Structure formats: C-alpha cells, structure tokens
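Some notes on the structure that comes next.
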Amino acid sequence: MDIRYDFKAIEAKWQKYWEENNFYQVKEDSQKPKYYNLEMFPYPSGNLHMGHVRNYAIGDVVARFKTMKGYNVLHPMGWDAFGLPAENAAIKHGHHPAKWTYDNIANMKRQLKSLGISYDWTREIATCKPDYYKFTQWMFLKLYEHGLAYKKYSAVNWCPSCQTVLANEQVVEGKCERCEATVEKKQLEQWFFKITAYAQRLLDDLELLSGWPEKVKTMQRNWIGRSEGCQFSMQVEETGDEIPVFTTRPDTVFGVTYMVLAPEHPLVEKISQGKPQEKEVKAFVERMKYLNEITRTSNETEKEGVFTGAYAINPMNGEKVPIWIANYVLMEYGTGAIMAVPAHDQRDFEFARKYNLPIKVVIKGEDSPATAEEMTAAYTGDGVMINSGSFDGLTVEEGKKAVIAYMEEKGIGKGTVNYRLRDWLISRQRYWGAPIPIIYCENCDIVPVPEKDLPVLLPENVEFKPNGESPLKYVEEFYKTTCPNCGREARRETDTMDTFVCSSWYFNRYCSPHETEVPFDKKAVDYWMPVDQYIGGVEHAILHLMYARFFTKFLYDIGMLSCVEPFTNLLTQGMVLKDGSKMSKSKGNVVSPEEIINKYGADTARLFILFASPPEKDLEWSDQGVEGCYRFLNRVWRTVTSYADKIASVDLPDKSEVFDREAKKLHYKTHATIKKVTEDIEERFNFNTAVSAIMELSNTLNDYAHGETQNLKVIKEAINAMLLLLSPFCPHICEELWHLIGNQNSIHLERWPEYDPEALIQEEIEIVIQINGKVRDKINVAPDIGEEELKQKVTEHPRIKELTKDKKIVKIIVVPQKLVNIVVK
RNA sequence: GCGGAUGUGGCGGAAUUGGCAGACGCACCAGACUUAGGAUCUGGCGGUUUAUCCGUGGGGGUUCGAGUCCCUUCAUCCGCACCA
C-alpha cells in the first residue's frame, strides 16, 4: 500500500464520522466508574489561540485515555459568553453583542471541531442564553434568600477615559487594562455576595485538595489572609466615642504611644472639629481621596499623616495618646484604625521617627535594644514583656493569650479573627450580562423577582451609548414593571451580574444541561460531581477557583449538591510563548492555530504542543519543532501503511512464542513502552515523555523493519501498541491507520493496552562497573545472578583487573540489577 | 520586603526511589539516493590534551557514589505587597 499522509482528508473524514455517530455522547451509567474531565470554558473572543489549543489538547488526552481505561467520561464544552468585549464591539462597530457573541461561538466551535477534541456537544452551554442565565438569576435569589446577597454603598474603580466602572481584575497596577488611564475611586451603590461568611471554610477545606498545586492553594490562603488577634476600643477623650482597633500583637498594647485612623474613617471629621488642626486634616483627607489606591498604599510611598488634635485613652493602662490620621492605614482592612506601637512595628516606627512621636519598648529579646534611643528599626522578634505592669516577664506568645484573657474578663475587648478576603462585588453597570433579578418598589423597598418569573430577559432592542453607559437604564419596557408584592408600579434593577457569577456554577449545569425547572438535576450531579480533573490557566488561581468553591459550598448547604469541593484535581497549564514572551498582537508574535492546522493538520499541532514541554510549564513555540512532529507522523504513516496488507490477517504472538534476538528486542520494547506511556499519563501527566517513548518504539520498529528477519506477529503487536498509545494524542491518523491495518471498529472504542510482565523479563541485563564511582566498563549478566557471583565476575573482568592491579580493593558495593562500584586505594 | 518556582548541550527538554548525565525532538555536520532537494534513508553530534580528565548557575558539605540530600550564595520568572 502506498498512499501519502493526506491529513486534511483524514481529519475531515473522521471528524464527520465521529459527529454523525454521536461518538462522544455520554449518559450516566452505574455499571462503570465515572470520570468528569473538564477544561475551563473559553470566552468567545473570536478565535482560538494557542493557549486554548494547549488547554484542550491536554484535556483530550486525559479524556480519551480514561475512556480507553474503561471509565464513563464526561467531557463537555461551553461558552463563558457574557462580558465586556462584546459590548465594546457594539459601541465601537455597531454589532449587537448577541450577534457578535453567537458569531464568535460558531467560529470557535468550528475551530474546536477541527482539532478533533472528544466533546459531548449535546451538552454544550452558553451562559448568555436565557435558559442558562435564568438559573444564574436563580442562584442570586437563593443567595439573597439566605442573606448572602446584599446591597451597600462602596467605592468602585472608575476609568475616566472609558467612562465606565471596571472590575477589580480589570485594573492592572492601578491602570485601566484597556486604555491604561489611571483608575479612580467612585462611590456607588452595589450588590455584593457575602463570600466572607465562608472565609474559614474556604481556608480549611484547602486541606481536602491534595490534588491541587501547592502554589494555587498558597495564593488562596494569602488571598483569604486570616490573622488572629484581638479587637478592643480606644475611647476618644473629649467626645467619648469608642474607636475599635484590631491588632495581632495584644502583647505590645502597653507600648502604644499614639493611634492612627484611616483618612476615610467616619470619626475623623467629628474629632478634629474645632481643633486648630481642622483645616490641615481636611486638606489631607481631600488629597488622599484623589490618590489612587496603588500609589497610596505602595510600600515605596513614604508614610505621611497629620495630627487630628484629639486624644484617646488606652484602656489597658489609662494612658492618653494622640490620634493621627495617615496614609498607611486602610479603611478596608480591620477596623480602619490602629493602635500604634512604634517600638515593635516597623511602619509605626518609621512614622514615629518622622513626626517625633514617643517610642516605648515593651518587648525585650535576647539581643534587642532596651531603650528607644538605641533602636534603628522596630523589634518584631521573640522576647518577654517589659514595662507592661503585671504582664512583665511573659513571652510574646503567653502575653498575647494573657492580654486577650484579661481584656475579655474586664470587658475591654475580645479575641477575634480577621480576614483580608472581602465580599464579592457582583453588580456591573453593563448591558451584556445576566440582569440582577431585583425590583425596587416605593412601597415594599427591595423585592426579589419571584422564581416563577425567571428569567428576567435582557431586552435585545437597545441603543449603545458611546460613553459606555449601560443602555438598560434607558429601556423603559425593561425597567418599568410592577411590584410582585403590592402590584404597584415599580422599577427593575438595571445592573447586571459579574460574569464570574455565571462561571461559578457552570460545571454543574453540564450534568443535565437541558433541565428547564431546576439549574441541574440532583441525580445527575450526584453521579458526575465533583469534577475529577479540572484543567486551565493559572490566571484563575484565585478569582474563578475561589468563587466556584464558594458557590459549591453554598449549594451544598442548601442541599443541591453532595460535594463540598467542586474540583478534586487541578492542573494549571503553563503559557504558550514565542521568542520568550507571551503571544500578543502588540508584540507581533502570534501563531494562529488555524494556520498550523491547515499546514500540518490537527494531529501534528496537538502532538507538538504535548511533546514540547510538560503541561504545567511554559511552552516555547517552535515552527521547526512542529516540523519535527509532522515528520514523525509521516514516518508512522509510512511504516504502518507499508505493513498494512502484510499484517492484516496475521495473529498477535501468543504467550509461548519464542523469538530470535531481534524480534525479542522489539517485543520487549513494545511492552516497555506500554508500561512507560501508561504510567506517564496516569501518574504524572508527563505527556512529553509519553510521546518520546512512543517515538522510541517507532524507531525500534523501523530498525527492526530494516533488519534481515521479519516476524510479522511481533511487528503487528508493535504497530497495534503504537497506534493505541498514540491515539489519545493524535486521534485522526491513528483512527485511519487502525482501519487500514484491517480493523472494523474505531480505535477509540478499544481498550487501553496492557503490558505483559513476562515480555519485560530479559535473558541478560547490563551491569555498570564503576571504580571509585567512575564508570569503567559494562558487562552483561543473567538478571538473577547472585551477589557473590557478580562480584567475582566483575573483579575477574580483564579491564577491571588491569585497572585495579596495583590497588587495594577496600570495598565492593553492589546495586542489584544496576551496578557494581569497586572502591580502591 | 514576604511567599513560591526555576536554573542541565547551540535550542526545547529527559534522568520517576541517591546509582551510566544529556532519553526524545530540533538545529548542525558528513554520507547515500537523486536532474534536483527545504523529501527520504544511514551515521555523527557536551567540552577536551580522546584507554584521560572536566562538566547539571557559583561556593562548601554528607556519601562508595550527588542534577537529585544538607548549608550557603547568585540569577531569572511568578504571586502578594504598608494586611495593623
């Protein structure tokens, strides 16, 4: 048989065949173990990029491998379809976001299909479709019902150039991600989800995630930012106002020499009123307002502040200390006010030195300075309490507990836990998102839309404002409604939800994507969830993965789910680089997947991406590397087609078969490769080494094919194994060749090959001989050779004898099956 | 500043439990076939003074033996960054 490797025809043929035969459609099946394999769904931006290809190629290998291993594999795909770019396209070019989005989905779906990924397309979802966002709104209502969705005034990011609010994640280093204008703060009324209510569980349950990268868990831990300490109040001397402060160092409370409020603190105006400093305080507060958060809170920014003119009383010792306001205290964290202990806090120390505030040492370490004069920096190490009344002599750890206990006993304060995690701001003044299902009634105030009225449909006929304002505010038939409570005229909420809300529960929807009454069927999620393997970029380490965990815990609490964590195993793939940096239009180093597929085929593109680097590491794109993979597939094609007719009716070797030396070599290699590839995929996800092992098998097979004898049974065995092992990586070419060598059924319905341990038993093994740890020679021996016999053989080996003749053998170390090391003097 | 990761040929990367450093691929070199080769096949390919010695960012250590373990140091990348 001599036909050329026509990848275009082959790939089109099998893609059509798989699609027409619903090849990858799955149903719940209690007879088989389930495996839910999921790749993060894409935003339909228009075209697939290499990062997508990498993500889905990795996922497809896992899905196809697990299927061949006998699992019932759920492998779905969908679209994270709401979002800003669609709306920007509408503003700029006049396309409706819906049309823009659906066109992009169609195009990207076509591209995905051309990659030959084994998705069950009957489960496809798009978050912008009413049948989906109906349930995103349902999620909102449930959270609201449980007191976990609420509204409050809050400062948000405002881009003066785009004339719009931005999500936190769209602010990069204080600047607008798109136009690079400096982002300002603006006060607006916003909807929040109370993720902070789950802070401790989100932190604790990271322990359950042994299948997650440490890096991601660490990032989440930092993001949650738990710290233990205590909260107590300092009383303002004149007005009697209580100002709560949070500290992790209650043991240093006797070292307080001043206190600091954030400039935005609500008591600032009151306590400075009528004071000589009033004007200065007001000017400082005004100035801080106009600084963006990054410059204000950067470590490089010098600490500055002003005295308010007021004093507060330290409840532990009755001492009177001045109240300052300063840039280094943030309203968002803790209580927005601190007790300042310059001797034992570096920030307070710098501030105190700058403004000549007193410094009082209350912790004495072994080599730490005992007086403020000697200090060049705050002392933050271990030690014992001094100058602290009856607490003197306690260690830092004992002191913390003792002071908290004392405060609790006297009713001064209490031990508390503080988190850096803040509630999740989910409202967006945007059109292209799921409308928040809330109605405002003058009579009944805030009224949730009744479940039976869902979905609150996004009106299609809207006009986009060039200034970026949400068009929903101007669509009367949308916002004008009646109150579900009292029936009077009322107004709908015109804000929509953050797209991260849509993606926080989508993995459940895939389990029963056509449900119309509930977001997902309980039986279906109980069968499929949790996701066994989740694969995506590390850029979602915190936001998406934290929100999804939060939603899962909430859905568990209300009895919708039986699992507390959504993703058992997480693989964060590396980026695809070109010339050492991320592919981007501005750098002009973008390689288009479509071009590569046209030039070399999907199998080559997939193979290269899996071969070039282990999945979690960054991958450097190389056109020549792609060529290499293309050549390899051509070699496979030539080898297999040249034997296709010859092996079609040949049997596989049976157990008792006796091979000659060369045939044995190939037989051994076949089984060693099955073992290696299986372990590489199953245990380590080392697809790069799995591919190189298959290449080695191909090389050995070619060597044998060029040799003198031809045992067709062994050749057939090798070809079968090679195609089966390669089929998750390169599904099209393997399918075609599988049929060409005489098989009637799809290779993708075959079971994963198993190696025969007997094939791995060798008559002779090579033993390395070292002298003083340096390799000097190698000998072949029987694998079951005894240690004494081996020692003898080695020492009698001519070359070794020669090299050791004038030396004294001190010791001989034998590593069974591997090496012998002769230690000489 | 804190936390994490990574440093191996000209390049991407192997070395899984402390046991042959450089698998596999790219690039390169030589040869074969050929009217031709950016096709294919064969061979070579860390350095070197080539039966030797050196070599996994640098320095030190443990060990019969270290890319792998320990100490120290440098570089690059990523995340967080006045978190009270």
Side-chain angles (χ1 to χ4, degrees), chain A residues 213-219 221-223 225-227 229 245-249 252 259-260 262 294 296-303 326-330 332-341 345-348 350-351 418-420 538-539 541-542 574-575 577 580 607-608 611-614 616-629 631-632 634-635 638 676 679-680 683-684 686 688-699 702 706 766-778 799 802-803 810-824:
Chain A
E214 235 11 85
K215 177 191 163 92
V216 174
K217 288 191 277 186
T218 304
M219 281 167 78
R221 264 184 215 113
N222 291 341
W223 189 263
R226 180 192 152 101
S227 59
V245 296
F246 172 76
T247 179
T248 54
R249 293 294 304 273
T252 63
M259 76 176 293
V260 189
I294 300 295
R296 200 188 114 188
T297 60
S298 155
N299 221 352
E300 260 99 87
T301 308
E302 202 180 331
K303 290 163 188 45
N327 59 348
Y328 75 97
V329 174
L330 308 172
E332 292 83 14
Y333 185 75
T335 59
I338 62 158
M339 63 174 214
V341 186
D345 181 289
Q346 186 56 26
R347 296 153 299 176
D348 297 343
E350 285 168 31
F351 194 78
N418 202 41
Y419 300 92
R420 218 139 65 199
V538 75
E539 65 272 19
I542 293 170
M575 285 188 299
L577 310 176
L607 187 67
F608 169 72
F611 174 59
S613 185
E616 68 280 2
K617 285 202 4 195
D618 286 350
L619 180 153
E620 174 69 26
W621 185 266
S622 154
D623 290 330
Q624 284 162 333
V626 179
E627 291 265 4
C629 289
R631 279 205 291 267
F632 168 70
N634 271 286
R635 221 152 37 230
R638 277 195 303 274
K676 164 114 180 105
E679 288 168 359
D680 277 352
E683 289 162 26
R684 288 182 286 277
N686 282 357
N688 55 332
T689 51
V691 171
S692 66
I694 299 170
M695 286 173 169
E696 283 184 54
L697 173 60
S698 159
N699 291 345
N702 279 331
H706 289 132
E766 196 180 60
I767 299 286
V768 170
I769 309 173
Q770 297 183 335
I771 296 175
N772 286 347
K774 296 207 161 95
V775 181
R776 284 296 177 259
D777 211 334
K778 291 164 190 180
R799 179 157 151 69
E802 173 68 23
L803 285 166
V810 179
K811 204 197 247 182
I812 300 178
I813 287 146
V814 176
V815 182
Q817 316 273 312
K818 275 191 183 136
L819 66 76
V820 176
N821 188 15
I822 304 168
V823 187
V824 297

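Just so it is clear, the structure is predicted and the values come from calculations on it, not from any experiment. All heavy atoms count here, side chains included; hydrogens, waters and symmetry mates do not.
- Using atom C1' as the reference point in both B:G19 and B:U63, the two lie 12 Å apart (nearest Å).
- Rounding to the nearest 0.5 Å places OG of A:Ser613 at 10.0 Å from CG of A:Asn686.
- Across the C1' atoms, B:G46 and B:G22 are found 8 Å apart, a figure rounded to whole Å.
- Within the shown strands, nothing qualifies as a pairing partner of B:G55 under the Watson-Crick or G-U definition with both distances less than 3.5 Å.
- Taking the side chain as every heavy atom from C-beta outward, A:Leu619 and A:Phe611 never approach each other to under 4.5 Å.
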Once base and sugar-phosphate atoms are separated, protein heavy atoms under 4.0 Å mark nucleotides 20-34 of chain B, 5' to 3', with B, S and - as B--BBSSS-------
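- As a whole-Å value, the separation of A:Arg776 CZ from B:U52 P is 6 Å.
- For B:C54 and B:G60, the P atoms lie 14 Å apart once the distance is rounded to whole Å.
- Between the CG atom in A:Asp345 and the CZ atom in A:Phe351 there is a gap of 12.0 Å [rounded to 0.5 Å].
- The pairing partner recorded for B:A5 is B:U76, the criterion being a Watson-Crick or G-U wobble arrangement whose two distances lie under 3.5 angstrom.
- Picking from B:G13, B:G79, B:G19 the nucleotide with the shortest atom distance to the side chain of A:Ser613 gives B:G13.
- Atom C1' of nucleotide B:C11 and atom CD of A:Glu620 are separated by 9 Å, given to the nearest angstrom.
- Across all strands, A:Asn634 comes closer than 4.0 Å to no nucleic acid atom at all (heavy-atom distances).
- When distances run from any side-chain atom of A:Asp680 to the nucleotides B:U16, B:A84, B:A14, the shortest one goes to B:U16.
- Across every strand in view, B:C33 sits unpaired, with no contact that passes the Watson-Crick or G-U test at under 3.5 angstrom.
- The partner of B:G38 is absent, by the rule that a Watson-Crick or G-U pair needs both atom distances under 3.5 Å.
- Candidate nucleotides B:U16, B:C64, B:A84 were compared by shortest atom distance to the side chain of A:Thr247, and B:A84 ranks first.
- Judged purely by atom type and a 3.5 angstrom limit, A:Thr218 uses its side chain to pair as donor or acceptor with the backbone of A:Glu214.
- Distance A:Asn702 CG to B:U42 P: 7 Å, rounded to the nearest Å.
- Separating the CD1 atom in A:Ile542 from the CH2 atom in A:Trp223 is a distance of 5.5 Å, to the nearest 0.5 Å.
- Separation of the C1' atoms belonging to B:C24 and B:G13 is 9 Å when rounded to the nearest angstrom.
- Taking every side-chain heavy atom of A:Arg347 into account, B:A84 is the closest of B:A14, B:G79, B:A84.
- Rounded to whole Å, the distance from CZ on A:Arg638 to C1' on B:A39 is 8 Å.
- A search for salt bridge (Lys or Arg N to Asp or Glu O under 4.0 Å) contacts involving A:Arg635 returns nothing, not counting sequence neighbours.
- Pairing for B:C28 is with B:G44, a Watson-Crick or G-U wobble pair whose two hydrogen-bonding atom distances lie under 3.5 Å.
- Between the side chains of A:Thr689 and A:Asp680, a donor-acceptor pair is found at a separation under 3.5 Å.
- The side chain of A:Lys303 lies closest to B:C82 when the candidates are B:C82, B:G13, B:A84.
- The distance from atom CE of A:Met339 to atom P of B:A84 is 12 Å, rounded to the nearest whole Å.
- Here the straight-line distance linking atom CG of A:Leu607 with atom CE of A:Met695 works out to 5.5 Å at 0.5 Å rounding.
- Nearest-nucleotide assignment on RNA chain B puts the 5′-proximal partner with A:Asn772, out of A:Val538 and A:Asn772.
- In this structure, A:Gln770 CD and A:Ile812 CD1 are separated by 13.0 Å, a value rounded to the nearest 0.5 Å.
- Nucleotides B:U72 and B:A84 have their C1' atoms positioned 34 Å apart, rounded to a whole Å.
- Within 4.0 Å (heavy atoms only), A:Lys676 reaches at least one base atom of the nucleic acid.
- Closest to the A:Ser227 side chain, of the nucleotides B:A84, B:A15, B:C82, is B:A84.
- Residue A:Arg221 is classed as having no contact, given no heavy-atom separation below 4.0 Å to the nucleic acid.
- Here, B:A23 and B:U73 have their C1' atoms 32 Å apart, quoted to the whole Å.
- Nucleotide B:A66 holds its P atom 16 Å from the NZ atom of A:Lys818, rounded to whole Å.
- A straight line from NZ of A:Lys774 to C1' of B:G19 spans 15 Å, rounded to a whole angstrom.
- Every residue two or more places apart in sequence or in another chain was checked for a salt bridge (Lys or Arg N to Asp or Glu O under 4.0 Å) with A:Glu627, and none qualifies.
- When the C1' atom is used for both B:C33 and B:U50, the distance is 34 Å, rounded to whole Å.
- Looking at the side chain of A:His706, the nearest of the listed nucleotides B:U42, B:G19, B:G3 is B:U42.
- With its glycosidic angle within 90° of 0, B:G9 is assigned syn.
- Listed nucleotides: B:C82, B:U52, B:C64. Nearest to the side chain of A:Arg799: B:U52.
- Nucleotides B:C26 and B:G9, compared at atom C1', are 13 Å apart to the nearest Å.
- If you measure from atom CD of A:Glu679 to atom C1' of B:A15, you get 15 Å, rounded to the nearest angstrom.
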